[in-house]
Protein chains: 2
Amino acid sequence: MSVTIAEVARIAGVSKSTVSRYLNGFYDHMGADTKERIAQVIAELDYRPNALARSLKQKRTHTVGAIVANILNPFSTSIIRGIEDTLQEAGFNLILCNADDDPAKERDYVNMLVDKQIDGLIINTTGCNNELIAQVNQTIPIVLIDRKASDIDIDTVTVDSARGVRQAVDHMVSLGHAGIAMLTLPYDHVSPRLERVQAYQTALAAHGIPFREDWLVQTSIEEDAILSKLQALLGGEAIADKPTSIFCANNMITMSVVKAIKQMGLTIPDEIAVLGFDDWEWAQLIDPPVTVVAQPVYDMGNKAAALLIKRMKGGRSPKKPITILFEPQLLKRKSCGE
Amino acid sequence: MSVTIAEVARIAGVSKSTVSRYLNGFYDHMGADTKERIAQVIAELDYRPNALARSLKQKRTHTVGAIVANILNPFSTSIIRGIEDTLQEAGFNLILCNADDDPAKERDYVNMLVDKQIDGLIINTTGCNNELIAQVNQTIPIVLIDRKASDIDIDTVTVDSARGVRQAVDHMVSLGHAGIAMLTLPYDHVSPRLERVQAYQTALAAHGIPFREDWLVQTSIEEDAILSKLQALLGGEAIADKPTSIFCANNMITMSVVKAIKQMGLTIPDEIAVLGFDDWEWAQLIDPPVTVVAQPVYDMGNKAAALLIKRMKGGRSPKKPITILFEPQLLKRKSCGE
DNA sequence: GTGAAAGCGCTAACAT
DNA sequence: ATGTTAGCGCTTTCAC
């Protein structure tokens, strides 16, 4: 068995309480000699307090959970880095979980984290566990990141998708594209996806471009799926019936679309232009470098963590949920033409 | 306060032990009626056992820690997915940590995880905490992934770097490249980096190509650093003094090198060929698609988790550490010429 | 300035 | 088939 506080106390010739006080930094009224003795014994035995026992008593774990939707997405990892840095600075530990965009997995992770008594939670939610999240949020502060949960009142850090889409469409139109298709993952429960689809329609309307139902396509990022959707979109005979550009609703779609277009032997942007929501480290290495609407992901992670920390320290203050909106930024590269 | 086992017991009109037995699935000799009653009360109160209290008593948390070197690296995230899937199937929880290639962070995370009483640990180690890792491994099973710790005896899952490098060099030579430079991150404590550097020299020798000290360059992935190193390498006047190809020791280097080469206005592979260790999802989208030595990362994650599970279940069996070597695979694309 | 004792929520002998 | 009891390792009143 590993060494306990009792053993430290015994060897140092003091009581457990005294060692405990030492551990928790209550030196104020402590004899310099006892203090030193305890320090020495701890060092000698290489004693480390049992966090489980401590937390069981204190009812705080100094640990925050974060559940991301898809850890393979660079978007998620950048957010994680942002969360991590801020949390670390404040002395909180982070338990990272990957829901894999699976509501069941998300639910299990939320429950596990609650069971482990985390002090706070950051979720890039699937959008399918709103009741559970709302319920947990009664006792444990939760901050949603990127994706809102429309029907519950909860702190959220996200980006102004509508503005980003507007910039994207404006840019494409300014480059002469009138036929603008949009590819997105299914947007049933994921707020940014829905917002982007709506903003796309709004932006088209603003430019007097008629919205074509068949040019708004929902797809998975499976290679076959993307390919067949794209072929349907671009494979026709009549030129007038084909879009000249594709707006991709997030980076996973963008990557898959670029891959599929190359497979089809089409050239970007001459035969088909591409613009994506989300920037990532190597978007500029792609042939051609992809024009994107970038989100300040790292900052968003920072902010979500900072907000959560405030909530966790806030005691039982009447917390009125807030939503923090970040501004997206259009990064003009080569995939839409000059 | 949240509901406890005592309350469930009270309301169900049984003792805590009985509820506990129910929770742990010891139904065998339990009255069908009590069983039902308990189930009902639990559902009514939405009772969830306190994992902290349970683990404190049981001395098992059903939780595994994983520390990756750099979560921004797709290599890490693929490994994570592999670990996750296997662990989940076996009913273990995963706490993910990102050491950010910082030995101090790694040390802190190891300690935190130990304090939290994880049942097992998977580390993609910085190589600078070997004593700590060896010590922890006395009581908690640890599996190293990707990077070995040469001086300690511990389970390891990694790839045959030497073989991969040999394939890479062979390929470049077969394409007529004799001037092969190598770029790597500092390889002080990171086993695959060291192995790849050594294998590079061995492979050159095997082809009768003299090794040039100034063509083996250590660098960070900072844009400026890479650029200046590359300029030193490729910027000279005398053609004979310049390598015609660059072997990148991992994917982070590869991405940075490609970026820098583009910035310099050079074309790949005509002016300079590039071959990288590590494949990743969108390496083929780069202009030109990068030829790489791929590692079966997901499988490696799977295997590491499986091995760890075996160790955790193995009780106090005399575990003789093993090393599992995966085979790399050369993926010929366009960055080395035809 | 330090100690004794109770208890956090749970499990696991040992009874019956 | 179920209850009683004694902790797991720590913190925290309350004494002195």
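Residue numbers start from 1 in every chain, and the chains themselves are labelled A, B, ... in the order their sequence lines are given, proteins ahead of strands.
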Pair of N/O donor and acceptor under 3.5 Å linking dG3(D) base with Lys16(B) side chain: no
When you match Val14(B) and Ala53(B) each to their closest nucleotide on DNA chain D, which lands nearer the 5' end? Val14(B)
Tell me if the side-chain of Ser17(B) makes a donor-acceptor pair with the base of dT4(D), cut-off 3.5 Å, by modelled atom types. yes
Are any of Tyr47(B)'s side-chain N or O atoms less than 4.0 Å away from OP1 or OP2 of dC10(C)? yes
Given dT12(D), dG9(D), dC10(C), which nucleotide is nearest the side-chain atoms of Asn50(A)? dG9(D)
Considering only dT11(C), dT2(C), dT11(D), which nucleotide approaches the side chain of Asn24(B) most closely? dT11(C)
Can you confirm whether the side chains of Glu106(B) and Thr125(B) place a donor and an acceptor under 3.5 Å from each other? yes
May I ask you to verify if any side-chain N or O of Thr34(B) is less than 4.0 angstrom from the OP1 or OP2 atom of dA1(D)? no
Please tell me which of the listed nucleotides, dC8(D), dT2(C), dG9(D), lies nearest to the side chain of Lys57(B)? dC8(D)
Atom pair OG1/CG of Thr86(B) and Leu307(B) - distance to nearest 0.5 Å: 11.5 Å
Quick check for you: among dT2(D), dG3(C), dC8(C), whose closest atom lies nearest to any side-chain atom of Lys59(A)? dC8(C)
Donor-acceptor side-chain pairing of Ser20(B) and Ser17(B) below 3.5 angstrom: no
Once you round to the nearest 0.5 Å, how far does NZ of Lys313(B) lie from CG of Leu308(B)? 11.0 Å
